[in-house]
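Below is one structure, written out as C-alpha cells; the observations come after it.
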Amino acid sequence: MIATLRYEFLMQIRRPIMWIVYGLTYITLVAVFWPAYRTLSFTDDGGHDPKLAMLTSAKLIMVLLPIVYGCLIADRLIRDRRLGVATIMDASPADPFGRLTGKYLGVCAATAVPIALAFFGRAVVYAMTEGKVEALAWSVAVFPTAVLPGLAFLGALALAGPLLMPPLPFRVLFVAYWFWGNLIPADMMPTLSHTIFAASNEYVAYGLFGQTFEGLAYGPWPDAALNALRPVASPAVAVLWMGVMVALTIAILLITRLHAARSES
Amino acid sequence: MRIQISQLTKTYKGGVHALKGIDLDVPTGMYGLLGSNGAGKTTLMRTLAGLLRPTSGTVRLGGHDITTQDGRLAVQRALGYLPQDLGVYPDLTARRFLDYIALLKGIDGRSDRRRRIGELLEVVALGEHADRRLKGYSGGMLRRVGIAQALLNNPRLLIVDEPTTGLDPEERIRFRTLLSHLAGDRTVLLSTHIVEDVAQTCQSLAVLARGRLVFQGHVGELVARAYRQVWTVTTSGTAPSTGRIVAALPHGAGMRYRVVAPVPPAPAAEPAEPTLEDGYLALMEAAPPA
Ligand SMILES: Nc1ncnc2c1ncn2[C@@H]1O[C@H](COP(=O)(O)OP(=O)(O)OP(=O)(O)O)[C@@H](O)[C@H]1O
Ligand SMILES: [Mg+2]
C-alpha cells in the first residue's frame, strides 16, 4: 500500500497538466468571484471575522476546484490497464485492496495539494493583510473538517467511475453532477445539493462553526424536494455529514475491489 | 520450480475454449512453448501467473495449488512474469519503475532494493540509461526493463510470453541468450511463435494448437517428426503442389524449393536434413483440426 501510495502521489504531482488546469481554473474563480474573494465575505461586512473569512474561502474554492480535482483523478485507475502495467502488478504478491487503497490515497493527496495551497495561501495572505494570526488557526481547523471529507468522497467517485464508462463521458457527467448535486439551489429541481450527501461544505460551516445567514439556521428549504435529507444544522449533523462522506468513500472502494475481483477470471 | 498441469481447461466468459484439457509437466531449465496466434499460450501463462482462474483441472507449481489463495501467494512470491504486452509508466525512469515493482514484490529493504536494481540494470545492459524516462526507450530496451522487473525477486519460476516478437535480429539473439543464461536451476517457460528461438535455447518444448497440447518432449523428437518428410525440389517448371513449401530460392533458370511432405512431392525430389521448424510444420500438417 505504501509503495503504491508513494508512486501514485509522485506521478500525479509531477503532471504538468494538473498544475496548468488548476492554475487556469483558479484564475477564473478569482475573477468571477472577485469582490467576495478579495474580502472573503459574501456580504458587506468587510470579512473581518477570521473564522467566517476562512469558511468563505473554503466555500469559494469548493465552487470550481473540485471539478478539476475529479477530472484529474478520473483516468488514474484505468490507466494501469491501458498502459499495460496492471498485469505485472496483479501477478505480484502485493495485496490488491492495499494497492487500491494506496492508489486512492496517493492520487487524491497529490490532486488535493493545489487546493490546499490555494486555501492556505489565501489564509496566509488574509492573516497578513488583516493582521490576524488567528486566521491561520481557523484555516487549520476548517480545511480538514469542511474541505477534506468532500474531497475524500469525490476522489473515490472519480477514481472508480471510469470503470463504468470511458473517462471523457465520465468527466462530462462528473461536471454535471457537480453542479446538480452540490451547487444549484435546492428548490430548483430535486437535487442532492444542500443535503448531507452534498460534497460541498455547508453542514460543517453552519453546524460546526456556527455560521448563520442573515441570522437564519441552515437546513430544509421551503418548497424543495428531498428535504428529508436536509436536517437542521447542528454539530451532530456536521459530524454525521463527515461520517456520510467517509462511509461513501469506503463503500465505493470496496465495491471497486469486488468488481475487480469478479472480472478477474 | 516444477510445473504440473493436469486436465486444465479454460473457457472465457464469451464462450471461447482457449485451453482444452492440457496435461503438461515442466521440469527446471529452459522450456519452450510453441504455438500459432490464438493457440492459447498467453492464456496458459496467465493461468500459471495466477491471473486467470482455471475453468477446471489442476495446476501445481512447486507443489503449490494455484487455485488456493495461499498457493497463489506462494507462487507469486517465487514468480517472475514478463507479459506479452507489458507497458510501463512513461514518466518514470527505469530505476524508479523497477523500484516500484520491487516494492510490490515485497523487497522492503532500501539498500537491498538499490543493490538488486543496480545489478539487474547491468545484467540487461541498461546501466547508463537507468535514469532516463521510459518514454524515450526503444522497444528492445523496454523488453529488457521487462525482464529486469521479472527478475527482481530472483524468481525460481520465470514466465516470458513472446519476449522476442518485434525485436531486431541482434536484439532478439541477445535477448534469448540472456534468457538461457538465466535458466540454470530456475524454470524458464518461454512462449513464442518463432521456432528458431526455441531451437536455439531450449532442450524441451511443448506445442499448443487451438487450445490443445499436440506435442511435448525433447527438441530432437520434434525434429524427428519431419524425418523423411523434408525434400528439396529443383525445377524450372511449376511449384510442387503437394506438401508445404517452406522456402523458395531462385536457382539458375528455375527455383529450388524446400518442401515438407509425407511423400516425395515430385519425382526428382531429394531428401533433406530436417530442422525444428520442419518438425513443427510436419506436426501442424498432421494435427487434427480443432
Ligand atoms: N480475455 C479474453 N476473453 C475472451 N477470449 C479471449 C480472451 N483472451 C484470449 N481469448 C481467446 O482465447 C484464445 C487463445 O488466446 P491466447 O491469447 O491465449 O493465444 P496466444 O497463443 O497467446 O496467441 P498470440 O500468439 O496471438 O499471443 C484466442 O481465441 C483468443 O481470441
Ligand atoms: Mg499470446
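Letters A, B, ... mirror the listed sequences (proteins, then strands); counts begin at 1.
- Your options are Y100(B), Y81(B), F97(B), and the one with the most heavy-atom pairs under 4.5 Å with chain A is Y100(B).
- Considering all non-hydrogen atoms of both residues, P93(A) and Q76(B) come closest at CD-O, 3.8 Å.
- The choice from T47(B), N153(B), L92(B) that makes the most heavy-atom pairs within less than 4.5 Å of chain A is L92(B).
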Check: residues 136-151 of chain A side-chain donor-acceptor pairs under 3.5 Å, at least two apart:
{"residue": "S139(A)", "atom": "OG", "partner": "L136(A)", "partner atom": "O", "Å": "2.6"}
{"residue": "T145(A)", "atom": "OG1", "partner": "A141(A)", "partner atom": "O", "Å": "2.7"}
{"residue": "T145(A)", "atom": "OG1", "partner": "V142(A)", "partner atom": "O", "Å": "3.1"}

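- In this structure, chain A has a heavy atom under 4.5 Å from the side chain of I101(B), while its backbone stays farther away.
- In this structure, the portion of L79(B) lying under 4.5 Å from any heavy atom of chain A is its side chain and not its backbone.
- Against chain B, the residues from residues 2-31 of chain A that qualify, each with a non-hydrogen atom under 4.5 angstrom away, are A3(A), T4(A), R6(A), Y7(A), E8(A), L10(A), M11(A), R14(A) in number order.
- With a 4.5 Å cut-off on non-hydrogen atoms, R82(A) does not touch chain B at all.
- Considering only heavy-atom pairs separated by less than 4.5 Å from chain A, the leading option among D85(B), L82(B), V88(B) is V88(B).
- The neighbour count for R156(B) CZ, taken as heavy atoms of other residues, nucleotides or ligands under 6.0 Å away, does not exceed 12.
- Within the model, atoms CG of L104(B) and CG of D95(A) stand 11.0 Å from one another, a figure rounded to the nearest 0.5 Å.
- Of residues 84-92 of chain A, those residues lying under 4.5 Å from chain B by any heavy-atom pair are G84(A), V85(A), T87(A), I88(A), M89(A), D90(A), A91(A), S92(A).
- By the neighbour-count criterion of 12 heavy atoms within 6.0 Å, atom CZ of R122(A) is densely surrounded, having more than that number from other residues, nucleotides or ligands.
- Listed by first and then second residue, the side chain to side chain donor-acceptor pair (under 3.5 Å) pairs that reach into residues 149-161 of chain A come to none, sequence neighbours excluded.
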